[in-house]
There are 2 protein chains.
Amino acid sequence: MNTSIGLVERLTLEIVATIRSDNLQPGQTLPSAKALAERFEVTVPTVREALRRLEATGSVELKHGSGTYVREAINRRILDNPHYVPVDLAAAIELLDARIAIEPGIAELAASVQDAAAVTSMDSALDNALQVQTAVPAGHFHVELAKASGNRALSEMLVSLLAIHSRTQQAARTTYDRLRDHDEHAGILDAVKRGDGFEASHRTRRHLEAIKAAVLADWQPEGEAEVAGDANRAATSAGDLR
Amino acid sequence: MNTSIGLVERLTLEIVATIRSDNLQPGQTLPSAKALAERFEVTVPTVREALRRLEATGSVELKHGSGTYVREAINRRILDNPHYVPVDLAAAIELLDARIAIEPGIAELAASVQDAAAVTSMDSALDNALQVQTAVPAGHFHVELAKASGNRALSEMLVSLLAIHSRTQQAARTTYDRLRDHDEHAGILDAVKRGDGFEASHRTRRHLEAIKAAVLADWQPEGEAEVAGDANRAATSAGDLR
DNA sequence: GCCGTCAAAGTGATTAGATGACTTAAACAC
DNA sequence: GTGTTTAAGTCATCTAATCACTTTGACGGC
């Protein structure tokens with residue numbers, strides 16, 4: 001009866017269960033594929049198929065010659081599709097619209113929760129933004145804001161949106177000013193600190209709508225201007241979709 | 001240079017690419033594993049590992065003895081983690097909070113978009129709800145509402161939330177009345193039809209908060225009352241988290 | 001003693017071939 | 001024409017082996 005699902009899928013869930021029961025944290029290594037095969041009384045190829053499943057969902061990482069490592073996403077419930085390919089500017093706008101729809105609510109929640117630790121994280125995210133920026137970093141202001149809401153489902157959704165965005169990004173270059181970006185973030189953070197949910201929500205919405213407007217404006221000149229002034233551009237366009 | 005990613009991951013992306021370029025739709029079958037192995041000049045186990053990745057993300061389904069089938073999720077960007085296990089009542093509340101944070105915005109969007117076809121879908125979803133209910137059906141009112149927003153990222157997020165919820169559900173039984181549920185849906189739909197975004201948003205929020213309140217109230221009696229009146233309960237508790 | 005080189009062991013990556021189980025549909029008998 | 005049987009195609013799993021990469025520790029030069 002229980003065998004209505006395949007051996008591989010069952011094995012996958014068993015591996016996840018042992019990761020949890022053994023309290024393995026992200027960064028730690030799983031037993032070798034051979035060891036897992038013996039423990040669960042299956043063969044190595046079967047184990048590998050199970051690990052590939054977990055790899056696709058970001059739960060583990062297979063490092064050639066090194067081992068299999070637990071990854072953060074094992075604790076996430078909402079993921080981005082790692083195999084999704086089509087990325088154009090329309091998709092970028094759609095993602096921004098999605099953010100406009102959900103982030104004001106997140107900001108409002110964050111203001112009502114008032115988590116001290118989360119506020120600190122947002123503070124440092126504010127500074128980080130003026131430095132270098134990586135792909136979808138922990139320390140991203142909007143992600144920290146979502147975490148401050150205390151609702152993991154919400155922050156996971158935002159992380160997913162931003163992850164997708166980072167793959168779309170090449171198509172959507174923005175000229176959104178870095179300093180303006182910083183100022184608006186500071187305004188949102190201020191409202192959150194004061195516990196003013198309405199203001200936080202409102203500012204977040206305006207912030208994202210301004211970014212969207214900037215993206216659309218940047219889109220207007222169509223084919224041209226694509227090649228011009230890369231160096232100059234880089235100085236002002238780094239603020240980007242945050 | 002391009003080989004910084006493994007053979008399996010590259011193969012996975014190539015398979016997705018050919019599914020798209022061959023315009024294979026959900027329900028159609030992929031070439032056999034052996035055929036794929038020959039086409040991409042790898043061996044069958046390697047192909048299988050790639051297919052397992054796609055299986056984990058819901059992009060394909062491997063049917064024993066039959067074939068490999070394309071599935072809907074190949075067109076989704078946001079997914080639920082199929083390997084996520086821990087599910088308790090606190091998680092259910094968190095998911096409801098997430099819905100409260102995002103669905104009002106979705107309803108507002110839907111009201112402003114005014115897609116005729118989507119409204120029709122919501123109409124029939126309204127009726128379906130009084131009939132039997134499956135897991136996370138297409139035809140679910142809130143999903144159709146999200147689709148009516150015209151933003152796929154939003155509807156995908158909601159589908160993910162509900163999919164997670166359906167796995168959590170056993171822990172969270174609600175006494176939310178089916179008729180009340182229907183009436184509130186009708187009210188939201190009415191507001192959407194009128195293009196009254198504010199009203200649609202407001203009603204959605206109240207609707208979800210009422211459900212949350214019902215879930216919490218049901219939780220109060222803690223350990224007791226869990227076993228009592230299953231038959232009676234079933235008559236009124238079917239409305240559930242919609 | 002310290003540090004760099006190198007060899008060996010451990011681990012994942014990929015291949016190869018074979019067997020079993022399940023599904024489907026065509027061939028066959030009635 | 002209908003039902004059963006059979007055969008082909010397909011996924012599922014296993015066994016066995018080779019290759020490639022990483023890490024570590026021993027060895028020897030400095």
By nearest-heavy-atom nucleotide on DNA chain D, the more 5' of A:Y69 and A:E41 is A:E41
Here the distance between atom C1' of C:dT15 and atom CD of B:E38, to the nearest Å, is 14 Å
d(A:S124 OG, A:F141 CZ) to nearest 0.5 Å is 10.5 Å
Checklist line | Derivation of the side chain to side chain contact (heavy atoms under 4.5 Å, CB included) call for A:T18 and A:L24 | finding: CA-CA 8 Å; A:T18 63; A:L24 288 183; over 6 Å; no
B:L158 vs B:H140, test: side chain to side chain contact (heavy atoms under 4.5 Å, CB included). Steps then yes/no.
CA-CA 11 Å; B:L158 196 56; B:H140 186 294; over 6 Å; no
Exercise. Would you mind classifying the nucleic acid contact of B:V42 as base, sugar-phosphate or nothing, using non-hydrogen atoms under 4.0 angstrom?
Key: sugar-phosphate
Between B:K34 and B:E38, is a salt bridge (charged side-chain N to carboxylate O under 4.0 Å, His left out) present by the stated rule, with each step listed? CA-CA 6 Å; B:K34 187 163 176 285; B:E38 286 166 1; 3.4 Å; yes
**Study point:** Working for side chain to side chain contact (heavy atoms under 4.5 Å, CB included), residues B:R76 and B:T57
**Key:** CA-CA 9 Å; B:R76 286 182 56 187; B:T57 54; over 6 Å; no
Rounded to whole Å, the CD-C1' distance (B:E49 to C:dA16) equals 14 Å
One should read off an interatomic distance between A:L62 CG and A:Y69 OH, to the nearest 0.5 angstrom, of 10.5 Å
Handout entry: Sugar-phosphate, base or nothing in reach of B:V44, heavy atoms under 4.0 Å
Key = nothing
Please list each protein N or O that sits under 3.5 Å from an N or O in nucleotides 10-12 of chain C, with the distance.
residue : atom : partner : partner atom : Å
C:dG10  : N2   : A:G65   : O            : 2.9
C:dG12  : OP1  : A:A33   : N            : 3.4
C:dG12  : OP1  : A:T68   : OG1          : 3.4
C:dG12  : OP2  : A:A33   : N            : 3.1
C:dG12  : O4'  : A:G65   : N            : 3.4
C:dG12  : N2   : A:H64   : NE2          : 3.3

The reported gap from CZ in A:R53 to CG in A:L11 (rounded to nearest 0.5 angstrom) is 10.0 Å
Margin query: What verdict does the salt bridge (charged side-chain N to carboxylate O under 4.0 Å, His left out) test give for A:R52 and A:E55, after you've listed the backbone C-alpha separation in whole Å, the side-chain angles of each residue and the deciding distance to 0.1 Å?
Written below: CA-CA 5 Å; A:R52 286 298 185 193; A:E55 183 191 44; 3.0 Å; yes
First and last nt of DNA chain D near chain B, cut-off under 4.0 Å to heavy atoms, 5' to 3', are D:dG9 to D:dT13
